[in-house]
Enquirer: 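If you scroll down you'll find the structure; I have some questions about it.
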Amino acid sequence: MIVSDLLAHLNPEQRAAVTLPDESALILAGAGSGKTRVLTTRIAWLLQSQRIRPAEILAVTFTNKAAREMMTRLTALLPIHLRGMWIGTFHGLCNRMLRAHHQTAELPQTFQILDSADQLSALKRLLKRLNIDDEKYPPKQVQRFINQAKEQGLRPAGMDASDPFSQKCAELYAAYHAQCQREGVVDFAELLLRSYELLARNAEMAAHYQARFKHMLVDEFQDTNTLQYAWLKQLAGPCGAVFAVGDDDQSIYAFRGANVGNMRDFEREYKVRHLIRLEQNYRSHGHILDAANVLIAHNTRRLGKNLRTDAGCGECVRVVSAETDSQEALWLVSEVRALNRKGIPLDQIAVLYRSNAQSRVLEHTLMSAGIPYRVTGGLRFFERAEIKHALAYLRLLENPDDDTAFMRVVNFPARSIGARTLEVLSEAARPLNRSLHAAAAQLGGKTAAHLQRFIQLIEEMRARTRGLSLSETVQHVIDASGLVEHYRAEREGQDRIENLRELVNAALAFTKEEHAEPEAPPDDEITPLSAFLAHASLEAGEHQAQAGQAAVQLMTVHAAKGLEFSAVFITGLEEGLFPHQNSIIDASGLEEERRLMYVAMTRARARLYLSFARSRMLHGQSRHSLRSRFLDELPEQTLQHQALHGASARSGAPRPHASHTAGASWTQQAPAAPRRALSEFSAPPHKTVSGFYIGQSVSHAVFGHGTITAFEGNGADARAQVKFTRSGAKWLVLGMAKLQPVL
DNA sequence: CTAATCTCAGTTTTT
DNA sequence: CTGAGATTAG
């Protein structure tokens with residue numbers, strides 16, 4: 001691809017951004033303005049027209065997905081190899097840097113990365129060890145404190161605590177740090193801070209990197225926190241050109257430490273002469289865009305931006321009021337059907353909500369109607385319990401002193417090593433300042449016998465896996481640890497075993513990928529296992545990717561950022577819910593909620609629905625609420641109102657006299673017979689097994705009423721998982737169970 | 001040491 | 001109403 005061709009396809013602002021001279025610039029990229037395109041084209045332009053070498057470029061993103069996408073697009077664009085270019089997430093790049101300089105950074109070569117859950121359990125262990133009342137110092141709060149401190153670039157020594165709580169937390173920070181150091185582990189924030197300190201303390205090294213990276217490109221700059229910005233500055237040095245792309249109107253992670261102020265600071269500190277606004281929107285139709293523009297204009301302290309489109313006005317934004325949440329869900333189902341009939345694929349329809357709890361009713365209603373859906377969010381692959389168990393064994397192979405991993409699996413599967421034994425062990429380890437593993441070896445007595453067996457098991461595993469490939473190692477570990485055996489005995493264990501097998505595949509795939517990308521740090525030999533473990537920590541894995549089958553997309557507004565859909569439903573637009581109660585109290589919180597609403601609206605291409613319910617089941621009881629103030633901030637001429645009431649309201653709302661569960665009465669009154677629903681779809685939405693299908697309502701002689709949620713096996717072995725209203729989920733052999741369809 | 005029972009809180013979460 | 005986490009009984 002010739003770069004001039006690429007440039008010809010850009011609009012003037014995009015082109016201006018792509019071809020900016022060798023200096024720092026801030027690009028205000030509105031929603032749907034071709035941000036990624038500008039970023040990748042800029043890199044292509046630098047390489048081809050400016051004779052910049054790949055090794056002189058660093059591009060940083062927040063998510064692995066964004067990094068991958070940039071990589072993919074670049075390789076499609078350019079014939080040359082991108083060897084030497086640093087593209088990745090903040091954490092990924094810091095990891096790479098720390099591995100390369102582990103000695104200077106005072107880390108073991110095989111340091112492990114703690115994810116948030118690991119960090120929390122490490123802290124709990126610490127509190128217990130120090131006999132600290134976790135009522136007074138809740139682990140979660142201590143965790144927050146430490147991470148916030150790190151994100152400010154602070155170490156315990158440099159903290160001046162004003163109150164006793166902070167004082168104690170600072171002490172705990174110090175103790176936690178010592179513990180991590182002893183165990184050879186780092187948490188997410190530590191990756192960044194260590195990397196930052198590495199450069200700050202080694203002028204020579206800093207100078208090396210500063211000279212190397214002549215161009216640094218930053219995606220989603222509005223989401224950077226104080227430490228990430230400091231890291232960038234450190235790496236860029238006085239001469240590096242930083243190309244920052246972001247949108248202050250889409251800053252929705254302030255609650256997590258993101259500092260939009262970085263944009264203003266950057267503008268000032270880097271004396272940015274070129275502030276380019278990308279205001280041409282290629283996604284949404286006119287009315288949708290107008291409505292979003294007017295909404296976000298209610299925020300103060302903006303850098304200022306107004307999106308425009310060449311597409312026509314398009315359809316009006318539909319504002320729908322329902323009596324109850326279940327009526328809202330019923331309406332949504334019928335609307336989804338209508339859209340699908342009109343030819344809009346299900347995966348082009350998104351249902352968004354403010355908080356995860358809201359998905360429940362929606363899921364239930366969609367399932368009863370037989371409409372396939374996919375929920376984004378929830379547990380990801382590497383976060384599943386069985387996977388974390390397997391990884392813990394692997395971590396112990398790599399580093400026996402990793403006490404977090406040790407504690408996780410020392411008694412899993414059960415080996416009769418209980419709380420008492422472990423207390424004794426930890427008591428023994430403390431004065432020695434040794435790891436649990438090391439202390440166990442020296443522990444005598446009969447209680448220690450089981451413990452010795454465990455130590456032996458780990459050592460045996462290490463011996464047996466020496467020389468094996470990565471995937472063979474994983475395979476050996478899941479067998480030898482007894483994990484597979486343990487789950488085989490469990491009723492719900494089949495899925496977990498499946499996931500463990502998947503882990504072996506993941507290891508195999510990882511080995512292949514690494515081979516394709518020869519980007520190992522130059523000076524040190526990192527073991528494949530260590531690299532794989534880092535990969536597992538840094539990339540939690542796709543959100544349960546259901547092999548691309550057409551399904552309605554359900555997710556929180558946060559999760560929808562960066563995505564786009566033909567039709568978008570924003571549900572639960574009620575005061576207290578969206579904007580959320582906890583955010584209403586102060587102006588900045590409210591503005592972030594408004595930005596959230598703005599992000600949600602700008603996901604839609606052709607059709608946007610905004611709905612709210614006057615009463616909603618919340619925490620087990622129905623609550624009345626007012627329509628969201630955001631609805632009143634939209635321009636009337638872009639809207640089209642609809643109020644739901646009457647028959648469907650009654651059928652969807654058995655509330656006032658509901659002594660039986662909503663679920664049971666609901667399903668009986670589900671308006672559409674599922675079989676008819678099937679014919680309404682252009683493509684059959686689900687497969688049938690012996691005449692049954694996922695989402696079907698059935699009844700069983702013993703267990704009562706339920707819904708089919710999954711299938712496995714075939715022929716005479718075919719089994720269905722049924723979620724029973726009263727007795728929970730069960731696997732039933734279809735040939736035996738005599739399930740009756742309920743209409 | 002496990003299993004059953006109770007209590008209690010209950011936004012959003014790229015790494 | 002749910003689900004996690006702690007407490008208590010076998």
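Naming: A, B, ... by sequence-line order, numbering from 1 per chain.
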Enquirer: When the distance from NZ of K140(A) to C1' of dT11(B) is rounded to whole Å, what number comes out?
Expert: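 So the NZ-C1' distance, K140(A) to dT11(B), works out to 13 Å.
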
Enquirer: How many whole angstroms separate atom CG of L193(A) from atom C1' of dT15(B)?
Expert: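 The answer, rounded to whole Å, is 15 Å.
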
Enquirer: For dT12(B), does OP1 or OP2 lie under 4.0 Å from any side-chain N or O of N356(A)?
Expert: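 Indeed, a polar side-chain atom of N356(A) lies that close.
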
Enquirer: Could you list the residues that satisfy side chain to side chain contact (heavy atoms under 4.5 Å, CB included) with R144(A), not counting sequence neighbours?
Expert: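 Per chain and number, R144(A) pairs via side chain to side chain contact (heavy atoms under 4.5 Å, CB included) with Q148(A).
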
Enquirer: Could you tell me which residues satisfy side-chain hydrogen bond (donor to acceptor under 3.5 Å, both in side chains) with D248(A), sequence neighbours excluded, listed by chain and number?
Expert: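 Residues passing side-chain hydrogen bond (donor to acceptor under 3.5 Å, both in side chains) with D248(A): none at all.
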
Enquirer: Whole-Å distance between dT15(B) P and N64(A) CG?
Expert: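 Distance check: N64(A) CG to dT15(B) P gives 5 Å.
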
Enquirer: Provide, to the nearest angstrom, the distance between the CG atom belonging to D115(A) and the P atom belonging to dT13(B).
Expert: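 Interatomic distance, CG of D115(A) to P of dT13(B): 16 Å.
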
Enquirer: With Y229(A), which residues qualify under ring pair (Phe, Tyr, Trp, His ring centres under 6.0 Å), at least two apart?
Expert: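 In terms of ring pair (Phe, Tyr, Trp, His ring centres under 6.0 Å), with neighbours along the sequence ignored, Y229(A) is linked to F221(A).
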
Enquirer: If you take the centroid of each ring, where Trp contributes its six-membered ring, are H91(A) and F62(A) closer together than 6.0 Å?
Expert: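 Ring centroids of F62(A) and H91(A) are no less than 6.0 Å from each other.
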
Enquirer: Who pairs with D133(A) by side-chain hydrogen bond (donor to acceptor under 3.5 Å, both in side chains), at least two apart in sequence or on another chain?
Expert: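 Expected list: none.
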
Enquirer: Is it true that a side-chain atom of N64(A) and a backbone atom of L538(A) form a donor plus acceptor pair closer than 3.5 Å?
Expert: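 Here the side-chain-to-backbone pair exists.
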
Enquirer: Side chains of Q119(A) and Q143(A): do they bring a donor and an acceptor to under 3.5 Å?
Expert: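 Their side chains do contain a donor-acceptor pair, which is all the 3.5 Å distance test asks for.
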
Enquirer: Who passes side-chain hydrogen bond (donor to acceptor under 3.5 Å, both in side chains) against R453(A), sequence neighbours left out?
Expert: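 Once residues adjacent in sequence are excluded, R453(A) has no partner under the side-chain hydrogen bond (donor to acceptor under 3.5 Å, both in side chains) criterion.
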
Enquirer: At a heavy-atom distance below 4.0 Å, which nucleotide of DNA chain C is the first touched by chain A, and which is the last?
Expert: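 So the contact region on DNA chain C extends dC1(C) to dG3(C).
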
Enquirer: Please work out if E593(A) contacts a base, only the sugar-phosphate, or nothing of the nucleic acid, heavy-atom cut-off 4.0 Å.
Expert: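 It contacts base atoms.
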
Enquirer: Counting any heavy atom closer than 4.0 Å, what does S583(A) reach on the DNA or RNA strands: base, sugar-phosphate only, or nothing?
Expert: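 Touches a base.
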
Enquirer: Between the protein and nucleotides 2-8 of chain B, which nitrogen or oxygen pairs come in under 3.5 angstrom?
Expert:
unit_1	atom_1	unit_2	atom_2	d
dT2(B)	OP2	N411(A)	ND2	3.4

Enquirer: Verify the stacking flag for F255(A) against dT12(B): centroid separation must be under 5.5 angstrom and the ring planes must differ by under 30 degrees.
Expert: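 Yes; by the centre-distance and plane-angle rule, F255(A) counts as stacking on dT12(B).
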
Enquirer: Could you check dT12(B) for me: syn (within 90° of 0) or anti?
Expert: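 Anti, since the glycosidic angle lies more than 90° from 0.
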
Enquirer: If the cut-off is 4.0 Å, is T556(A) near the phosphate of dT13(B), judged by side-chain N/O to OP1 or OP2?
Expert: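 Looking at the OP1 and OP2 atoms of dT13(B), one of them is under 4.0 Å from a side-chain N or O of T556(A).
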
Enquirer: From C-beta outward on R380(A), which listed nucleotide comes closest to its side chain: dT15(B), dT11(B), dC1(B)?
Expert: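 Comparing dT15(B), dT11(B), dC1(B) against the side chain of R380(A), the answer is dT15(B).
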
Enquirer: With C1' as the reference atom in both, quote the distance from dT12(B) to dG5(C) in angstrom, rounded to an integer.
Expert: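 Per the computed distance, 23 Å lies between those C1' atoms.
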
Enquirer: Mind checking if S116(A) touches a base, just sugar-phosphate, or nothing, with heavy atoms under 4.0 Å?
Expert: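 Base, at least one base heavy atom under 4.0 Å.
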
Enquirer: Could you work out, with side-chain hydrogen bond (donor to acceptor under 3.5 Å, both in side chains) as the rule, every residue matching Y353(A), not counting sequence neighbours?
Expert: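 Once residues adjacent in sequence are excluded, Y353(A) has no partner under the side-chain hydrogen bond (donor to acceptor under 3.5 Å, both in side chains) criterion.
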
Enquirer: Planes under 30° and centres closer than 5.5 Å, is that true for H580(A) with the base of dT11(B)?
Expert: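 It does: the ring sits over the base of dT11(B).
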
Enquirer: Can you check the I584(A) CD1 to dT11(B) C1' distance for me, whole Å?
Expert: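 Roughly 12 Å, once rounded to whole Å.
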
Enquirer: In whole Å, what is the span from the CG atom of L227(A) to the C1' atom of dT15(B)?
Expert: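 Atom-to-atom, L227(A) to dT15(B), this comes out as 13 Å.
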
Enquirer: Specify the separation, in whole Å, of atom NE2 of H619(A) and atom P of dT11(B).
Expert: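 Checked: the NE2 to P distance equals 6 Å.
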
Enquirer: Would you classify F90(A) as touching base, sugar-phosphate or nothing, given that sugar-phosphate means primed atoms plus P, OP1 and OP2, and contacts are heavy atoms under 4.0 Å?
Expert: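 Nothing, no heavy atom under 4.0 Å.
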
Enquirer: L590(A) CG to dT11(B) P: how many Å, rounded?
Expert: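 Value for this atom pair: 19 Å.
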
Enquirer: Map G92(A) and R354(A) onto DNA chain B by nearest heavy atom, then report which one ends up closer to the 5' terminus.
Expert: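 On the 5' side of the pair lies R354(A).
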
Enquirer: Report the residues that fulfil side chain to side chain contact (heavy atoms under 4.5 Å, CB included) with A66(A), sequence neighbours left out, ordered by chain and then residue number.
Expert: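 Listed in chain order: T61(A), T63(A), D219(A).
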
